[in-house]
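The block underneath contains the structure these notes are about, expressed in structure tokens.
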2 protein chains.
Amino acid sequence: MHTHNQDTIIALSTPPGEGAIGVIRLSGPSAISMVDEVFFGANLLKAEANTVHYGKIKQADKILDECLATIFRAPRSYTKEDVVELSCHGSQYVLQKVIELLLSKGARSAQPGEFTLRAFLNGQLDLSQAEAVADLIASKSEGQHQLAMSQMRGGISKLISGLREQLIEFASLIELENDFGEEDVEFANRDNLKNLVLKILRVINELKDSFVFGNAIKEGIPVAIIGAPNVGKSTLLNALLNEDRAIVSDIPGTTRDVIEDTITINGQLYRFLDTAGIRDTEDEIESIGIERSYEQIKKASVILFLADINEFHEITAQAFRALPHMENKKAIILLNKADTKKSCAMYDMEEAVSTLTGRTPTLSISAKEKSNISKLKDLLVSLQSSKSDSNVILSNSRHLEALENTSESLNKVITGLDENVPSDFIAMDIRHALHHLGLISGEISTDDLLDSIFSSFCIGK
Amino acid sequence: MHTHNQDTIIALSTPPGEGAIGVIRLSGPSAISMVDEVFFGANLLKAEANTVHYGKIKQADKILDECLATIFRAPRSYTKEDVVELSCHGSQYVLQKVIELLLSKGARSAQPGEFTLRAFLNGQLDLSQAEAVADLIASKSEGQHQLAMSQMRGGISKLISGLREQLIEFASLIELENDFGEEDVEFANRDNLKNLVLKILRVINELKDSFVFGNAIKEGIPVAIIGAPNVGKSTLLNALLNEDRAIVSDIPGTTRDVIEDTITINGQLYRFLDTAGIRDTEDEIESIGIERSYEQIKKASVILFLADINEFHEITAQAFRALPHMENKKAIILLNKADTKKSCAMYDMEEAVSTLTGRTPTLSISAKEKSNISKLKDLLVSLQSSKSDSNVILSNSRHLEALENTSESLNKVITGLDENVPSDFIAMDIRHALHHLGLISGEISTDDLLDSIFSSFCIGK
């Protein structure tokens with residue numbers, strides 16, 4: 001296990017770059033005394049918890065900065081250790097110098113996520129809550145934000161812990177039976193155990209089902225725009241992106257490569273998949289671009305089928321017929337270039353196409369003129385189930401894997417009970433199930449697991 | 001004057017981007033009550049000054065974030081107004097939502113530097129101290145840092161205010177004489193006045209002299225690397241940059257285009273000027289690249305004259321002779337490609353060249369092998385006067401301009417006294433001098449002046 005909690009760690013906790021303020025955070029038994037050594041203006045050793053003090057950071061007789069020191073005392077802090085936050089002027093030079101000075105006083109540079117790791121090791125957060133902190137920081141849409149917030153507030157942990165406790169009770173009774181060896185006693189009521197396991201399996205299945213929804217929130221709903229070349233795919237993507245990019249760009253510094261192909265509509269992130277290369281010979285279209293685009297389309301949960309409103313008869317009629325057959329996909333047919341529509345058409349094009357394709361939602365748009373783009377967004381929103389059946393939503397693939405393993409072990413328990421296998425086998429399967437459940441909240445953890453989780457955090461958190 | 005101090009301003013005070021922590025700052029009469037409306041976990045209205053509180057930010061019944069609120073109460077805050085700092089999770093989405101929520105409660109987005117502007121208007125800082133805050137945040141070398149720190153701590157302001165007060169005393173005596181009109185009284189002793197003005201002029205001249213030094217610290221000492229094509233100018237620049245870039249890059253996010261041609265040596269910033277195009281015909285070299293490079297060389301205070309150690313006889317001998325004649329420039333002759341030096345040379349090349357050029361410091365190096373680069377740095381350092389004659393160093397060109405104008409008016413006062421002009425003319429010149437002196441510390445300021453100063457600040461400061 002991680003046993004370096006006796007040292008005091010330090011890191012810049014605010015993003016790098018020039019700003020008004022930069023915050024340096026220290027945590028550990030010497031956090032307050034280390035800062036006190038270099039901080040002039042207040043006696044931090046005697047400072048009350050949760051108070052802020054103004055002073056100068058000095059290196060020998062040279063003033064490095066005038067700053068504010070906030071004092072937190074164990075266990076009332078993020079890490080449950082003594083914590084000092086130094087709010088300095090936001091010059092990278094100054095912040096670096098202050099950090100170097102405190103390193104020279106014995107602090108150690110924190111690893112990514114090490115503050116949160118300590119919070120976990122000291123019982124402030126469980127593992128899934130700690131993971132939610134990283135998700136919260138990375139959140140870019142309302143959906144992601146609410147999901148992370150709910151997980152951070154312990155939604156999934158409470159559910160899992162409840163199930164686990166009940167299972168532990170049975171496990172200990174069965175272990176007790178084993179202790180009696182040959183005596184053939186039965187402390188654990190088999191019917192009750194089976195009912196409990198079935199109940200737990202039901203909850204796990206609901207959670208597993210919620211993953212599709214949770215993952216869509218977290219990673220974005222995958223949408224593929226498909227269609228023949230020159231039908232306006234890029235123009236459509238730009239039309240969709242432009243309107244939202246402005247909102248995203250209210251926040252300077254938002255990563256360009258992320259907003260390039262994701263947009264937030266109604267608080268939900270959509271992730272557009274690149275599907276260049278639907279060929280325009282009839283045969284190839286009929287197979288909906290099997291080759292390069294096939295994998296992307298398989299990943300998508302929504303397909304936007306784009307066609308030129310003036311040419312759809314000739315080129316795309318067959319594709320439309322193929323569309324409803326795409327398993328488990330939601331599809332929208334878009335009749336693009338409505339601005340150039342030949343006015344002689346006597347019938348309602350949208351209605352005609354929709355009927356032809358088994359009532360696939362159909363909309364005429366002009367990507368170039370950005371007309372009906374907001375209607376398209378409404379359509380996208382209406383396709384999504386607005387909630388999961390489960391109150392608690394699974395969004396972390398690590399949790400999904402742990403639940404799948406739990407499920408497997410519990411199914412063995414059921415089989416074992418049905419087939420009256422010796423109780424020590426049943427006990428072993430229950431222990432496996434408990435192990436996998438425990439991995440979610442971190443009641444069971446390994447160094448490798450912790451390393452893989454916390455190494456993806458930013459430094460200073 | 002700026003009179004919007006009745007409203008409450010808000011801004012993100014930490015750099016944009018993902019980080020562990022983001023700090024939102026509010027200042028103004030409603031800062032505490034606005035945050036209290038949306039903050040659940042502590043009664044901020046009753047919170048003591050300089051205390052930190054943990055709670056949840058809620059929009060209706062939706063939790064936006066769990067965060068820390070630090071309460072500062074007027075006048076014990078940066079702006080001397082009520083201030084709240086919200087330390088949130090460093091997600092741009094979350095920070096934006098929290099700011100939007102508080103804007104909806106009546107806060108106003110702060111202009112760049114508006115917190116510091118309020119600190120100035122409320123008497124917390126004078127103008128030159130406020131300017132030093134921006135310099136401090138932008139500082140990238142020890143020299144810049146110390147300069148900004150000294151100015152922020154009021155070095156120049158104290159000096160100027162002292163001079164100004166003495167001058168005001170005489171001004172009022174002279175104004176009094178004018179009130180008596182025709183009566184020909186003389187309250188202000190002319191000899192004492194002249195002595196005072198001469199003393200002030202001496203101080204101003206010292207300050208003006210310190211500007212070259214101060215400006216070099218702030219903007220970097222301008223260094224031109226000149227020499228014939230293919231003599232290794234770029235290789236030398238890279239050799240100089242590489243060694244320092246590693247240090248600069250300890251801080252992720254340091255602007256690339258800045259470190260591309262500035263380096264810090266011994267805490268002092270050096271700014272390398274691009275001087276492509278010294279032609280290699282003998283005539284042209286003799287005139288030291290009059291054409292394109294001439295302006296750059298004129299701006300430089302140090303010239304590195306680079307020559308190929310194997311070819312200097314033929315190509316550069318004349319240039320060496322020209323070097324010492326470049327007015328006010330410090331020069332170093334570098335004999336590059338020492339790694340390829342033909343071993344048959346019987347005499348000390350460095351000594352020979354140095355003698356030939358009137359004892360210009362000469363060093364053989366290999367830019368490619370990075371040999372003697374640290375000796376070159378030592379040489380650069382030794383060329384700089386390590387201090388200014390003045391204790392207070394001028395680095396701000398606005399201050400220089402104000403001092404030049406003051407100087408001009410004071411010289412008129414001297415002339416007036418010598419020529420016995422009527423006291424109302426002298427009074428006018430003194431008033432002009434007082435005006436210009438007052439501009440430095442902001443005892444006199446205009447909206448335009450304040451706008452031009454604070455608009456260069458970052459938002460949130």
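Every chain is numbered from 1, with letters handed out A, B, ... down the list of sequences.
The candidate with the highest count of non-hydrogen atom pairs below 4.5 Å against chain A, out of B/Val133, B/Leu12, B/Thr51, is B/Thr51. Contact tally against chain B (heavy-atom pairs below 4.5 Å) for A/Gln144, A/Gln146, A/His53: the top residue is A/Gln146. Of all the listed residues (B/Ser87, B/Gly90, B/Ala20, B/Ala138), the one sharing the greatest number of non-hydrogen pairs under 4.5 Å with chain A is B/Ala20.
Between the side chain of A/Ser91 and the backbone N or O of B/Ser139, at least one donor-acceptor pair lies under 3.5 Å. Side-chain atoms of A/Tyr93 come within 3.5 Å of backbone N or O of B/Glu142 as a donor-acceptor pair.
Near-neighbour residues of residues 60-73 of chain A relative to chain B, defined by a heavy atom under 4.5 Å from a heavy atom of that chain, comprise A/Lys62, A/Ile63, A/Leu64, A/Asp65, A/Glu66, A/Leu68, A/Thr70, A/Phe72.
With rounding to the nearest 0.5 Å, the separation of CD1 in B/Ile21 from CD1 in A/Ile21 is 11.0 Å.
Within the 4.5 angstrom heavy-atom criterion, only side-chain atoms of B/Arg25, from C-beta onward, approach chain A. For A/Ser150, no part lies under 4.5 angstrom from a heavy atom of chain B.
Taking the salt bridge (Lys or Arg N to Asp or Glu O under 4.0 Å) definition, one finds that A/Lys56 meets it with nothing, sequence neighbours left out.
The two residues A/Val52 and B/Val52 come nearest to each other via the heavy atoms CG2-CG2, 3.6 Å. Taking all atoms of both residues into account, the shortest heavy-atom contact from A/Cys458 to B/Gly19 is SG-C, 3.8 Å. In terms of heavy atoms, A/Glu18 sits closest to B/Ile137 at CG-O, 3.6 Å. Pairing each heavy atom of A/Pro15 with each of B/Gly17, the nearest pair is CG-O, 3.3 Å.
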